[in-house]
Amino acid sequence: MENKETDKSKIYKGLQKIFFAIPLMFVGPIIINSSFKNPEHFLYYPVLIVGCLVCLFSMYLFFIGLRTLVSGLFND
């Protein structure tokens with residue numbers, strides 16, 4: 001049997017990505033909500049696009065961090 005040990009550097013990198021993604025998960029909807037409050041403002045669409053991009057980036061970063069974390073735990 002092999003002795004499988006966890007890779008602590010991968011776990012740390014995965015946790016860093018997850019901990020960076022969590023605040024972005026709150027910031028993105030706040031930006032989107034602030035753009036919906038001012039639909040007549042000339043920066044409505046750029047702010048809405050930025051909010052959507054922040055939300056998408058936070059989801060991407062969370063899943064990449066989760067994949068790195070699981071890879072470090074199971075030594076894949």
Side-chain angles (χ1 to χ4, degrees):
M1 285 194 140
E2 294 180 18
N3 186 9
K4 291 188 176 185
E5 297 207 10
T6 58
D7 189 2
K8 292 181 183 176
S9 64
K10 276 189 177 181
I11 293 172
Y12 183 69
K13 287 179 184 178
L15 286 175
Q16 276 183 333
K17 290 176 185 175
I18 289 172
F19 287 146
F20 185 69
I22 289 173
L24 290 178
M25 288 182 182
F26 291 100
V27 171
I30 290 171
I31 294 172
I32 292 172
N33 188 22
S34 69
S35 72
F36 282 145
K37 287 183 180 180
N38 295 319
E40 65 277 347
H41 198 272
F42 70 96
L43 289 176
Y44 171 71
Y45 289 112
V47 172
L48 183 63
I49 290 170
V50 167
C52 291
L53 289 176
V54 168
C55 286
L56 290 173
F57 181 67
S58 70
M59 289 188 297
Y60 171 76
L61 198 60
F62 186 82
F63 287 122
I64 294 296
L66 191 62
R67 189 172 70 182
T68 305
L69 180 71
V70 170
S71 174
L73 283 174
F74 295 115
N75 204 10
D76 289 339

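Everything quoted here is computed from the prediction, not taken from an experiment. These numbers come from the heavy atoms of this one structure, side chains and all, not from hydrogens, waters or symmetry mates.
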### Query
Any side-chain hydrogen bond (donor to acceptor under 3.5 Å, both in side chains) pairs touching residues 18-30, not counting sequence neighbours?
none
### Message
Taking side chain to side chain donor-acceptor pair (under 3.5 Å) as the definition, give me every residue that meets it alongside Y12, ordered by chain and number, with sequence neighbours left out.
### Response
Q16
### Message
Checking I11 against L15 for the side chain to side chain contact (heavy atoms under 4.5 Å, CB included) test, could you report, in this order, the C-alpha distance in whole Å, the side-chain angles of both residues, the deciding distance, and whether it holds?
### Response
CA-CA 6 Å; I11 293 172; L15 286 175; 4.1 Å; yes
### Summary
Sorted by chain and number, sequence neighbours left out, side chain to side chain contact (heavy atoms under 4.5 Å, CB included) with I64 holds for K17, Y60, R67, T68
### Sequence neighbours excluded, every pair satisfying side-chain hydrogen bond (donor to acceptor under 3.5 Å, both in side chains) that has a member inside residues 43-55
none
### Message
Using the rule that Ile, Leu, Val, Met, Phe, Trp and Tyr join whenever any side-chain heavy atoms are under 4.5 Å apart, tell me whether V70 and F63 fall into a single cluster.
### Response
yes
I'd like a table of donor-acceptor pairs (distance under 3.5 Å, sequence neighbours excluded) in which one partner is a side-chain atom from residues 18-30, with atom names and distances.
none

### CG-CG distance between L69 and D7, expressed to the nearest 0.5 angstrom
11.0 Å
### Task
Please answer: with hydrophobic residues joined when any side-chain heavy atoms are less than 4.5 Å apart, are V54 and L61 in the same cluster?
yes
### Query
When Ile, Leu, Val, Met, Phe, Trp and Tyr are grouped by side-chain heavy atoms lying under 4.5 Å apart, directly or through other members, which residues fall in the same group as L53?
I49
### Task
Not counting sequence neighbours, which residues clear side chain to side chain contact (heavy atoms under 4.5 Å, CB included) with V47? List them please.
I31, S34, S35, L43
